[in-house]
Amino acid sequence: LTLGERDGEATVVALDDFAAASNAVEELARDGVAGTFDGFDPLAFRPCAPHARALRPARRKAGRMVLRRRCGDAASARARAGIPDLPAGETFRVANRRLTRCVSSLLR
Amino acid sequence: VTAAFDPLAPRPALEVWRLADDDDVARLVAGLSGFIADSDIERLDRSLLVRARAMRAAGRTYRALCKVEPAAGDGHRQRIEFRCNARTPSVEGRMALEGRVFVVGGRVVGGAVDRLESDGLPPSRDLDLDVRRSETRHAMRAVSATPMRGRLRARARTAMRSSASS
């Protein structure tokens with residue numbers, strides 16, 4: 001702002017700084033559709049077990065893409081396996097941890 | 001407290017949300033955002049700006065002419081009202097800005113925005129001005145400030161993608 005006695009001038013700079021947050025949210029949606037994020041599944045926020053233990057060495061070697069691909073149908077696999085619901089509150093605790101990690105990765 | 005109302009007693013889920021469209025994603029994200037501490041939101045707010053600057057994120061600049069009107073102050077603090085409108089519709093886009101600054105000892109120490117509107121988006125109202133720089137030259141006050149909503153930088157309401165400074 002440049003302000004005189006009667007007149008002045010204003011310059012406003014608008015910066016698109018929200019792209020990183022929007023991208024993170026859109027990535028959640030994309031991963032949900034692709035089956036690589038189970039937060040939107042009927043049995044949300046469950047680990048990929050029993051595959052997870054077997055895949056741990058492969059994941060170390062090849063990175064998370066291996067785990068993502070093998071967990072693609074994890075929700076229906078868990079449903080078929082009859083994995084019971086987590087105790088009340090646990091889903092939100094897991095969600096909170098996951099979100100905290102998401103936020104932390106943005107903050108790094 | 002009877003057993004049914006024991007806060008530590010496990011209870012079934014109140015609702016089960018299913019992902020059907022973008023609105024469900026927005027609902028989930030909005031719900032989860034309530035679990036983020038205020039201090040982390042402030043860190044996120046700062047981090048988004050730092051990242052955007054580092055990545056040279058896209059920005060838009062709007063300019064407008066202002067009518068300035070000194071108003072009655074309260075004691076040692078002088079109040080200056082301003083009302084700004086884009087001089088013409090141009091490639092820079094339309095912008096309107098209304099508010100006031102507070103002057104103490106010849107320096108602008110704070111201010112408020114009643115309305116900030118650009119490009120036909122819904123106006124942002126009731127913002128505070130976080131003054132970064134204030135100087136006076138030849139009877140002209142030059143102020144650099146960031147519009148804030150509480151402790152966070154103001155972002156456009158509809159798109160929620162902009163942080164503004166004036």
Side-chain angles (χ1 to χ4, degrees), chain A residues 1-35 37-45 75 84-108, chain B residues 10-13 16-19 22 24-26 28-29 32-33 35-36 40 43-44 47-49 51-53 55 57-70 80 82 84 95 97 101 108 111 116 118 139-145 153 155-156 159-166:
Chain A
L1 287 167
T2 305
L3 305 176
E5 291 296 321
R6 297 286 173 198
D7 301 305
E9 189 171 327
T11 303
V12 173
V13 180
L15 180 66
D16 182 1
D17 69 349
F18 207 67
S22 299
N23 290 342
V25 173
E26 286 163 12
E27 190 178 341
L28 284 182
R30 278 199 305 272
D31 287 356
V33 172
F37 169 59
D38 67 350
F40 303 123
D41 289 355
L43 294 170
F45 299 116
D85 272 341
L86 293 174
E90 182 64 14
T91 297
F92 271 120
R93 276 195 287 276
V94 176
N96 197 17
R97 282 201 296 274
R98 190 160 193 145
L99 193 65
T100 301
R101 279 203 299 275
C102 177
V103 172
S104 298
S105 70
L106 277 174
L107 293 175
R108 273 199 296 271
Chain B
R11 290 177 173 78
V16 177
W17 296 353
R18 300 186 189 286
L19 176 67
D22 288 348
D24 293 329
V25 177
L28 180 82
V29 170
L32 290 178
S33 67
F35 288 85
I36 304 178
D40 282 337
R43 292 174 60 208
L44 191 57
S47 176
L48 286 172
L49 181 61
R51 285 171 63 103
R53 283 178 174 160
M55 297 175 70
R60 296 200 71 181
T61 300
Y62 305 87
R63 291 187 177 82
L65 296 178
C66 308
K67 290 293 180 191
V68 179
E69 190 175 338
I80 300 174
F82 57 84
C84 313
M95 187 267 282
L97 177 67
V101 292
V108 174
L116 171 58
S118 62
M140 297 288 282
R141 300 182 197 281
V143 184
S144 178
R153 286 162 185 81
R155 290 185 169 79
M160 294 190 71
R161 295 178 76 93
S162 296
S163 175
S165 63
S166 66

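Only this structure's heavy atoms are used, side chains among them; waters, hydrogens and symmetry mates stay out. Order of the sequence lines sets the chain letters (A, B, ...), proteins ahead of strands, with each chain counted from 1.
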Is it the backbone or the side chain of B:V108 that comes under 4.5 Å from a heavy atom of chain A, or both, or neither? neither
Chain A contact via B:M140 - side chain, backbone, both or neither, heavy atoms under 4.5 Å: both
Minimum side-chain heavy-atom gap B:R153-A:L15 below 4.5 Å: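 A side-chain contact is absent here, since even the closest heavy-atom pair is not under 4.5 Å.
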Side-chain touch B:R141/B:I80, heavy atoms, less than 4.5 angstrom: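 In short, these two side chains touch, coming nearer than 4.5 Å.
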One pair to check against side-chain contact (heavy atoms from CB on, under 4.5 Å): B:L97 and A:L1. What are the steps and the verdict? CA-CA 10 Å; B:L97 177 67; A:L1 287 167; 4.0 Å; yes
For the candidates B:A57, B:G59, B:A52, B:A58, which exhibits the highest count of non-hydrogen atom pairs separated by less than 4.5 Å from chain A?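 If we count pairs closer than 4.5 Å to chain A, B:A58 comes out on top.
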Main-chain N/O of B:R43 paired with B:S47 side-chain donor or acceptor, under 3.5 Å: no
